[in-house]
Amino acid sequence: MSTVLVFLDHPGASLAKSERELLSLGASLGDVAVALAETAGQAYLDGVGSYGVQEYYRPDSGAVAEVLVAGKAAFLAEAVRTSGASIVLLGNSYEAKEIAARLGIRLEAGVITDVVGLESGLVATKADFAGSYTVNCRVTTDVAILTVKPNSFEAVEAGTPSSPREVPLPVELPSSAARITGRAEKPASGRPELTEARVIVAGGRGVDGNFGPLEELADALGGAVGASRAATDAGWIEHSAQIGQTGKTVSPQLYVSVGISGAIQQKAGMQTSKVIVAINKDADSPVFEIADFGIVGDLFTVLPQATEEIRKRGL
Ligand SMILES: Cc1cc2nc3c(=O)[nH]c(=O)nc-3n(C[C@H](O)[C@H](O)[C@H](O)COP(=O)(O)OP(=O)(O)OC[C@H]3O[C@@H](n4cnc5c(N)ncnc54)[C@H](O)[C@@H]3O)c2cc1C
């Protein structure tokens with residue numbers, strides 16, 4: 001049985017959906033051990049334990065938290081050696097991909113990023129060349145490092161919560177590691193995380209800089225606000241809101257696409273949504289090819305009406 005090391009960065013109060021997906025995938029591949037670079041609370045650790053994890057690795061000092069990714073890569077390399085893991089699973093954030101790359105160099109191990117599928121023999125599926133090609137590839141080194149896109153694998157229900165054992169590991173920080181000199185809390189929007197949200201209202205170039213009506217609808221539905229790359233590139237909304245091939249992959253129950261044409265790179269990040277509603281003033285827009293419901297109209301007329309009706313009905 002292979003040992004699978006799952007790296008969980010920035011633990012919250014409880015396991016996030018994307019973390020449950022990683023643990024579920026890990027459990028389907030072998031015995032799971034977990035590496036946590038930061039301190040986690042008991043509820044989080046119980047969640048980790050419920051996936052059959054017997055032990056989790058932690059740096060034996062706070063030094064890793066004082067530097068950028070290089071410290072986490074050094075810690076993870078130590079965890080791979082100690083656990084004897086042959087598969088390492090990480091999330092797919094920019095930070096996770098950088099850690100994976102540094103880990104690959106440290107261990108002389110192959111890395112595959114943006115994984116959306118995995119078949120027997122550890123053959124990974126990913127999109128390449130702006131979504132034009134779907135590639136099947138496999139790592140040929142002893143250790144395989146995979147960064148996995150959220151919403152690509154099912155998060156199966158975990159078993160009974162149990163407490164895994166903490167294993168502290170000494171970590172030698174590289175002298176070149178960049179030190180963190182200060183931290184500032186990101187202001188909370190009160191809206192759910194994009195990759196966790198059940199409802200997403202996403203806007204594109206058609207919103208012309210005004211996300212107000214989309215925020216109103218998202219708040220009426222308890223949803224998150226996302227965007228196409230055209231909207232994030234224009235600086236109308238932060239880059240972390242970008243959905244698509246080079247942004248986040250989402251799979252909500254309801255995806256409302258507003259003023260987005262539906263380019264292949266945008267579809268790559270949202271086409272697995274359960275129900276897609278598209279609002280676009282151009283009836284020939286390609287977004288209508290994947291929409292379950294389409295509204296041809298001006299978003300600035302359609303959205304306020306929809307929000308008002310939803311509020312009236314108390315949905
Ligand atoms: C390597 C690469 C990676 C990429 N990655 C991504 C990615 O991750 N995510 C992503 O989204 N894109 C990505 N792109 C860009 C992608 O190709 C498209 O350019 C982009 O998605 C277009 O954004 P848009 O649909 O908002 O804009 P447009 O294509 O300009 O569409 C705007 C739409 O708004 C409609 N509209 C205008 N005014 C209104 C109105 N008042 N009411 C209703 N509808 C209106 C128009 O009819 C039009 O259909 C990538 C491109 C490349 C080359």
Side-chain angles (χ1 to χ4, degrees), residues 18 91-98 112-116 125-135 147-152 193-195 197 199-218 223-252 254-273 276-310:
S18 54
N92 206 58
S93 64
Y94 290 116
E95 189 178 334
K97 287 191 214 176
E98 186 177 343
I112 302 177
T113 57
D114 304 317
V115 173
V116 294
T125 307
K126 62 176 289 186
D128 250 328
F129 292 110
S132 314
Y133 295 91
T134 300
V135 177
T147 76
V148 180
K149 277 197 161 191
N151 295 309
S152 304
E193 254 299 297
L194 263 185
T195 49
V199 176
I200 293 175
V201 182
R205 203 189 310 271
V207 309
D208 200 17
N210 180 8
F211 267 81
L214 286 80
E215 288 170 354
E216 296 266 320
L217 179 62
V225 177
S228 74
R229 180 157 152 182
T232 56
D233 279 356
W236 299 336
I237 186 166
E238 68 273 7
H239 274 285
S240 59
Q242 186 183 313
I243 292 165
Q245 198 208 316
T246 43
K248 290 185 174 152
T249 305
V250 297
S251 196
L254 172 64
Y255 187 92
V256 187
S257 166
V258 185
I260 296 178
S261 60
I264 186 165
Q265 297 89 356
Q266 156 72 198
K267 284 184 197 164
M270 47 65 76
Q271 60 196 355
T272 56
S273 303
I276 299 171
V277 175
I279 302 166
N280 197 302
K281 67 179 183 185
D282 175 7
D284 295 325
S285 179
V287 72
F288 289 123
E289 291 164 15
I290 54 159
D292 298 288
F293 300 95
I295 300 167
V296 180
D298 188 320
L299 69 94
F300 295 104
T301 312
V302 175
L303 282 188
Q305 289 177 25
T307 307
E308 192 190 333
E309 193 60 30
I310 286 162

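Both counts, for ligands and for their atoms, begin at 1 and track the order of listing. Owing to the predicted nature of the structure, the values given are computational and were not obtained by experimental measurement.
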Among residues two or more places apart or on two chains, list those pairs meeting salt bridge (charged side-chain N to carboxylate O under 4.0 Å, His left out) that have a residue in residues 292-308.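 For residues 292-308: none.
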If hydrogens are left out, which of [options] has an atom nearest to [atom], that is, the closest non-hydrogen atom?
atom                    : options                        : result
atom 51 (C) of ligand 1 : Gln265, Met270, Lys281         : Gln265
atom 25 (O) of ligand 1 : Gly204, Ser261, Gly203         : Ser261
atom 36 (N) of ligand 1 : Ala227, Gly206, Ala268, Ser228 : Gly206
atom 46 (C) of ligand 1 : Asp282, Val296, Asn280, Val258 : Asn280

Is a donor on one side and an acceptor on the other found under 3.5 Å between the side chain of [X] and the backbone of [Y]?
X      : Y      : result
Asn92  : Thr113 : no
Ser18  : Pro150 : no
Ser285 : Asp282 : no

Can Gly269 be said to touch ligand 1, with heavy atoms closer than 4.0 Å? no
Is there a heavy atom of Gly297 sitting under 4.0 angstrom from any atom of ligand 1?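 So Gly297 counts as touching ligand 1.
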Mark up the atoms of ligand 1 that fall under 4.0 Å of a heavy atom belonging to [X], in ascending order.
X      : result
Ser285 : 49 (O)
Gly244 : 7 (C), 8 (O), 9 (N)
Gln242 : 6 (C), 7 (C), 8 (O), 9 (N)
Ala263 : 16 (C), 17 (O), 18 (C), 21 (O)
Gly247 : 8 (O)
Gln245 : 7 (C), 8 (O)

From [atom1] ([X]) to [atom2] ([Y]), nearest 0.5 Å:
X      : Y      : atom1 : atom2 : answer
Asp114 : Thr147 : CG    : OG1   : 5.5 Å
Ile295 : Gln305 : CD1   : CD    : 9.5 Å
Tyr94  : Thr246 : OH    : OG1   : 6.0 Å
Lys248 : Leu194 : NZ    : CG    : 5.5 Å
Ser257 : Phe288 : OG    : CZ    : 8.5 Å

Of Glu238, Gln245, His239, which is the lone residue that meets side-chain contact (heavy atoms from CB on, under 4.5 Å) with Gln242?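 Only one option passes, and that is His239.
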If I apply the N/O under 3.5 Å rule, does [X] come out as touching ligand 1?
X      : value
Ile243 : yes
Leu299 : yes
Ala231 : no

